Colleague: 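Before anything else, here's the structure in question.
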Amino acid sequence: MKHQARYWPAIKGADKLALFWEMRLGKTLLAIRWAKTRADCSRILIACPLSVVESWVRELAEEGQEAIVLKGTTAQKQKIFDKHYSDDFGTRQWFLTNYESFIVSGNKTKEGKPKATPSWLCWLSWDCLIADESTAIRKPKAQVTKIFTRCFKGTRYKAVLSGLPNPESEEDYVTQLLFTHTEFMGCTDYWEWRRKNMIALPTGGWGLKRTSKPKIIEAVTNVALALTREQAGVGSIKMRAMRFVDIPKKVATAIQELNAEYRINNKLTKTVLENMLLEGRLAGGFYEADQSLQHENKLRELAYLINGELRGQALVIWCKHTAEIEGVTAFLNSMRLKLKAVAIHGQTAKSAQKSVALNRANIDLFMAGKIDCIVCQPKSVQMGIDMSRADTAIYYSRWFEYEANAQSSDRIIHPKKKKPVLEIDIIARGTLDFDISTTIADKRVNAKNFNEALFSRIKERIKELPCKPSMREC
């Protein structure tokens with residue numbers, strides 16, 4: 001992309017990198033190329049949320065680099081590391097893990113408070129450490145923040161990547177840039193910085209001094225590169241991102257049983273379509289027939305996005321199932337996410353038309369900026385609704401009709417709109433979420449062959465599942 005080429009001269013020569021670019025502008029790719037240009041950079045560690053690990057693996061593969069993912073228990077992570085670690089400093093190695101891997105949990109101070117005890121990863125020598133979604137280290141009292149700002153001062157190459165590095169206030173920049181640059185605004189730790197730049201409030205807590213805000217902006221501008229999709233000039237195009245979540249082991253087992261034996265809770269299912277609908281409910285956490293198979297894994301990722309990079313943005317969230325519509329709406333309105341969400345749903349065209357008519361006032365309020373989020377079901381998009389105030393659409397779950405996917409995608413597009421729009425899929429690992437999303441992403445697919453391509457992907461995935469020959473041909 002042109003904006004990547006434009007910023008590359010400022011990036012390639014830096015030892016410390018702060019890329020505050022919005023989603024899908026290529027900050028991951030630039031960070032990889034930045035590390036690759038360092039001849040003395042052999043041991044690279046990438047810290048990121050679990051939901052973006054797959055994205056890093058794909059980006060590294062496209063650059064001809066192998067990703068070594070440290071996952072599982074602490075012992076399992078150490079075993080993976082020992083298996084792949086090489087003493088040959090001519091070999092570049094990329095290790096990926098989540099932020100929780102840096103903390104030894106369970107330790108407490110004498111007062112009984114949680115203690116920030118660094119894990120074994122912190123005592124290894126790393127040439128480069130990249131913190132993706134770096135708002136994870138923005139809170140000064142958080143254990144992971146203390147570890148990142150104290151344990152890696154000797155690491156030469158460090159980077160922070162975030163689309164929205166300051167979701168709460170300008171203060172959020174401080175610990176992120178203390179990690180990369182060791183000092184910020186002449187201070188080497190957060191508490192020294194707070195004494196100089198903040199004032200105790202009569203009501204409790206601390207607030208920025210009037211003179212501090214412009215100084216912070218100047219200091220950040222000197223060391224960081226910030227870019228929005230609009231500033232990048234990419235035009236009114238659709239950009240896509242995926243966020244991955246794990247599902248509970250019990251739910252994964254139920255999905256395996258469903259695919260291998262056409263059975264759930266000892267009840268036989270009748271058709272492939274019924275299986276797909278049930279699997280979708282299990283993946284989303286809203287399986288009504290068995291509370292023990294319900295979970296909030298997707299909901300937590302949704303909250304993470306809205307509290308982070310998408311904070312303050314108008315959003316459209318798409319769900320397939322009625323239970324998801326109602327559950328997501330209730331969740332958003334109860335979590336103090338500083339937004340109001342309304343639901344528009346209907347499983348048939350007639351019921352959707354009625355729902356849209358009843359919610360027309362809410363749609364008008366959304367377009368006028370009085371409501372921040374609309375949670376919609378597939379059939380409701382076929383009524384010509386204009387939701388173009390939103391620049392981001394989140395797919396909590398997708399559906400199987402190609403036309404409905406295409407229609408929903410176009411709801412946030414407008415002929416006069418020049419800003420690029422972003423679609424984010426929240427995908428439960430090991431489920432049909434990924435099958436549907438990748439089928440849609442395949443540019444060769446169209447309405448005619450969509451179902452054929454989707455069923456083919458699902459068939460390939462379930463081939464590896466254990467099964468009974470009497471129930472399904474192996």
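Since this is a predicted model, take the numbers as computed values, not measurements.
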Colleague: Would you verify whether the NZ or CZ of K298 falls within 45 degrees of the ring axis of Y396 while also being under 6.0 Å from that six-membered ring's centre?
Modeller: yes
Colleague: Which atom names give the shortest non-hydrogen contact between A226 and W21, and what distance separates them?
Modeller: C-CD1, 4.0 Å
Colleague: Within the side chain of H295, is there an N or O that forms a donor-acceptor pair under 3.5 Å with the backbone of F286?
Modeller: no
Colleague: Determine which pairs satisfy side-chain hydrogen bond (donor to acceptor under 3.5 Å, both in side chains) with at least one residue from residues 127-138, sequence neighbours left out, and list them in order.
Modeller: W56-D132, E133-R243, S134-Q176
Colleague: Working to the nearest 0.5 Å, report the span between OG of S101 and CG of L50.
Modeller: 7.5 Å
Colleague: Is there a donor-acceptor contact under 3.5 Å from the side chain of E301 to the main chain of F244?
Modeller: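 Here the side-chain-to-backbone pair does not exist.
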Colleague: R150 and D189: salt bridge (charged side-chain N to carboxylate O under 4.0 Å, His left out), yes or no, with the steps?
Modeller: CA-CA 9 Å; R150 295 173 184 175; D189 68 66; over 6 Å; no
Colleague: Is there a side chain to side chain contact (heavy atoms under 4.5 Å, CB included) between L208 and E170 once you walk through the steps?
Modeller: CA-CA 9 Å; L208 279 175; E170 286 75 9; 4.2 Å; yes
Colleague: Closest heavy-atom contact between I217 and T221?
Modeller: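 Scanning both residues, the minimum pair turns out to be O-OG1, 2.6 Å.
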Colleague: Could you check whether S437 and R240, counting side-chain N and O atoms only, form a donor-acceptor pair closer than 3.5 Å?
Modeller: yes
Colleague: Hey, what do you get for CD1 (I68) to CG (L96), rounding to the nearest 0.5 Å?
Modeller: 9.5 Å
Colleague: Test your reading of the model: is there a side-chain donor-acceptor pair from E183 to the backbone of G186, 3.5 Å cut-off?
Modeller: yes
Colleague: Between N222 (side chain only) and E218 (backbone N and O only), is there a donor and an acceptor less than 3.5 Å apart?
Modeller: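 Side chain of N222 to backbone of E218: a pair is present.
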Colleague: For F366, does the six-membered ring have the charged nitrogen or CZ of R389 within the cation-pi criterion, i.e. under 6.0 angstrom from the centroid and within 45° of the normal?
Modeller: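 Relative to the ring axis of F366, which defines the angle, R389 lies inside both limits.
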Colleague: What pair of heavy atoms forms the shortest contact from V375 to L332, and how long is it?
Modeller: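 Of all heavy-atom pairs spanning V375 and L332, the closest is CG2-CD1, 4.4 Å.
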Colleague: Compute the centroid of each ring, for W120 and then for F81, and state whether the two points are separated by less than 6.0 Å.
Modeller: yes
Colleague: Using a cut-off of 6.0 Å, state whether more than 12 heavy atoms not belonging to K139 lie near its atom NZ.
Modeller: no
Colleague: Just by distance, do the side chain of S119 and the backbone of V104 share a donor-acceptor pair under 3.5 Å?
Modeller: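 No, the answer is negative, given that no donor and acceptor are paired below the 3.5 Å cut-off.
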Colleague: Answer with yes or no after comparing the ring centroid distance for Y173 and F20 against a 6.0 Å cut-off, counting only values under it.
Modeller: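 Aromatic pair counts; centres sit under 6.0 Å.
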Colleague: For A47 and F148, work out which heavy atoms get closest and say how close.
Modeller: CB-CZ, 3.8 Å
Colleague: Determine whether I394 and V316 make a side-chain contact, defined as any pair of heavy atoms from C-beta on separated by less than 4.5 Å.
Modeller: no
Colleague: Does the side chain of E63 come within less than 4.5 Å of R33's, by heavy atoms?
Modeller: yes
Colleague: Which atoms form the tightest heavy-atom contact between W399 and I436, and what is the distance?
Modeller: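 For W399 versus I436, the nearest heavy atoms are O-CG2, 4.0 Å.
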Colleague: On the six-membered ring of F179, is K158 placed so that its NZ or CZ lies under 6.0 angstrom from the centre and within 45° of the ring axis?
Modeller: yes
Colleague: Assess whether side chain to side chain contact (heavy atoms under 4.5 Å, CB included) is satisfied between I216 and M185, documenting all intermediate values.
Modeller: CA-CA 8 Å; I216 294 172; M185 293 175 64; 3.8 Å; yes
Colleague: Quick one: pull up CZ in R398 and CG in D435 and give me the separation to the nearest 0.5 Å.
Modeller: 13.0 Å
Colleague: Is the backbone N or O of P140 less than 3.5 Å from a side-chain atom of K146, with the two atoms forming a donor-acceptor pair by type?
Modeller: no
Colleague: Is a side-chain donor or acceptor of T431 paired with a backbone partner of D433 at a separation under 3.5 angstrom?
Modeller: yes
Colleague: Between OG1 of T28 and CG of L19, what distance do you get to the nearest 0.5 Å?
Modeller: 9.0 Å
Colleague: Between the main-chain N or O of T73 and the side-chain N or O of Q76, is there a donor-acceptor pair closer than 3.5 Å?
Modeller: yes
Colleague: Show your reasoning for whether side chain to side chain contact (heavy atoms under 4.5 Å, CB included) applies to M242 and V52.
Modeller: CA-CA 8 Å; M242 295 181 185; V52 297; over 6 Å; no
Colleague: Backbone N or O of L121 within a donor-acceptor pair of the W126 side chain at under 3.5 Å?
Modeller: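 Yes; judged by distance alone, with no hydrogens or angles, the pair exists.
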Colleague: How long is the span from the NZ atom in K141 to the CD atom in Q143, to the nearest 0.5 Å?
Modeller: 13.5 Å
Colleague: When the side chains of residues 193-204 are checked against the rest of the protein, which donor-acceptor pairs come out under 3.5 Å, sequence neighbours left out?
Modeller:
from: K196; atom 1: NZ; to: E192; atom 2: OE2; distance (Å): 3.3
from: N197; atom 1: OD1; to: S212; atom 2: OG; distance (Å): 3.4
from: N197; atom 1: ND2; to: W193; atom 2: O; distance (Å): 2.9

Colleague: Can you tell me how far apart CD (Q313) and CG (D391) are? Round to the nearest 0.5 Å.
Modeller: 6.5 Å
Colleague: If you apply the rule side chain to side chain contact (heavy atoms under 4.5 Å, CB included), what do you find for F102 with I137, and how did you get there?
Modeller: CA-CA 12 Å; F102 293 83; I137 58 170; over 6 Å; no
Colleague: Taking the side chain as everything from C-beta on, heavy atoms only, tell me whether I130 gets closer than 4.5 Å to C128.
Modeller: yes
Colleague: Are the side chain of R43 and the backbone N or O of S86 linked by a donor-acceptor pair below 3.5 Å?
Modeller: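 The answer is yes, because a donor-acceptor pair under 3.5 Å joins these two groups.
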Colleague: If you define the side chain from C-beta out and look only at heavy atoms, does anything of K77 sit under 4.5 Å from I80?
Modeller: no
Colleague: For F184 and Y190, I'd like to know if the aromatic rings sit close, meaning centre-to-centre distance below 6.0 Å.
Modeller: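 Judged by ring-centre distance (under 6.0 Å), F184 and Y190 do not meet the cut-off.
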Colleague: Do V53 and C48 come close enough that some side-chain heavy atom pair is under 4.5 Å?
Modeller: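 The answer is yes; the side chains approach within 4.5 Å.
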Colleague: Quick one: does R429's side chain get under 4.5 Å of F434's, heavy atoms only?
Modeller: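 Side chain of R429 against side chain of F434, heavy atoms only: no contact under 4.5 Å found.
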Colleague: Going by heavy atoms in the side chains, are L29 and Q4 under 4.5 Å from each other?
Modeller: yes
Colleague: Could you work out, with side chain to side chain donor-acceptor pair (under 3.5 Å) as the rule, every residue matching K27, not counting sequence neighbours?
Modeller: none
Colleague: Do the non-hydrogen side-chain atoms of T180 and L17 ever get within less than 4.5 Å of each other?
Modeller: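 Result no, sub-4.5 Å side-chain heavy-atom pair not found.
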Colleague: Do you know the tightest heavy-atom contact between E324 and S397?
Modeller: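 So the minimum-distance heavy-atom pair works out to OE1-OG, 2.5 Å.
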